[in-house]
Amino acid sequence: MRSFAEHYRYRLGDMIADYLVDQDRQVELMIYPAERVDQVTVPTNQKTTVSLVQAKLAGAAVDKNFTNGLTMFNSATTQSLRLVGQQADTTADGRQTITTTLRMTKAAPISTIWPGNQGSNG
């Protein structure tokens, strides 16, 4: 089970952005109306972190449950992303910018499919 060791909350107008950081420094983002803040809780009993960024390098391994090749959800690339830092800035006119920096901590496993001797009459 995942546990969120850090929690960063930002109010963005009438919305709330919660950044949840798990024990492995993976980041999950929840966005919801500020008027519902008392109804939102940090997820518990969650098996995987739903990453802020979903990405897949060409050839990187994907979860075995996705066999059609049409999804990047929680690929090896995504699972290797870790929080490096986060910075919130407010401009003079009140606009807020949140910059989150993630870095791949290890090379994502790459799967290579070698074509057989197609067209060979053997």
*asked:* Which residue is it: R11, R36, R9? I am looking for the one with a salt bridge (charged side-chain N to carboxylate O under 4.0 Å, His left out) to D18.
replied: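 When salt bridge (charged side-chain N to carboxylate O under 4.0 Å, His left out) is applied between D18 and each of R11, R36, R9, only R9 qualifies.
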Would you name the heavy atoms of [X] and [Y] that are closest together and state the gap between them?
| X | Y | value |
| --- | --- | --- |
| I16 | A34 | CG1-CA, 3.6 Å |
| A55 | S75 | O-OG, 2.5 Å |
| D22 | F4 | N-CD2, 3.8 Å |

Working to the nearest 0.5 angstrom, can you tell me the gap between [X] [atom1] and [Y] [atom2]?
| X | Y | atom1 | atom2 | answer |
| --- | --- | --- | --- | --- |
| T90 | I98 | OG1 | CD1 | 9.0 Å |
| L52 | Q26 | CG | CD | 11.0 Å |
| L102 | S80 | CG | OG | 10.0 Å |
| Q96 | D89 | CD | CG | 8.5 Å |
| L83 | R25 | CG | CZ | 4.5 Å |
| Q79 | Q54 | CD | CD | 9.0 Å |

Quick check: is [Y] connected to [X] through a chain of hydrophobic side chains (ILVMFWY, heavy atoms under 4.5 Å apart)?
| X | Y | result |
| --- | --- | --- |
| L29 | Y32 | no |
| V37 | I31 | no |
| M30 | V27 | no |
| Y10 | V21 | yes |

Has the side chain of [X] got a donor or acceptor atom that lies under 3.5 Å from a matching backbone atom of [Y]?
| X | Y | value |
| --- | --- | --- |
| S51 | V53 | yes |
| E28 | V50 | yes |
| Q23 | S3 | yes |

_Taking the side chain as everything from C-beta on, heavy atoms only, tell me whether L81 gets closer than 4.5 Å to M104._
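In contact.
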*Which of these, T44, T48, N45, D24, sits in a side-chain hydrogen bond (donor to acceptor under 3.5 Å, both in side chains) with R2?*
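The residue from T44, T48, N45, D24 that satisfies side-chain hydrogen bond (donor to acceptor under 3.5 Å, both in side chains) with R2 turns out to be D24.
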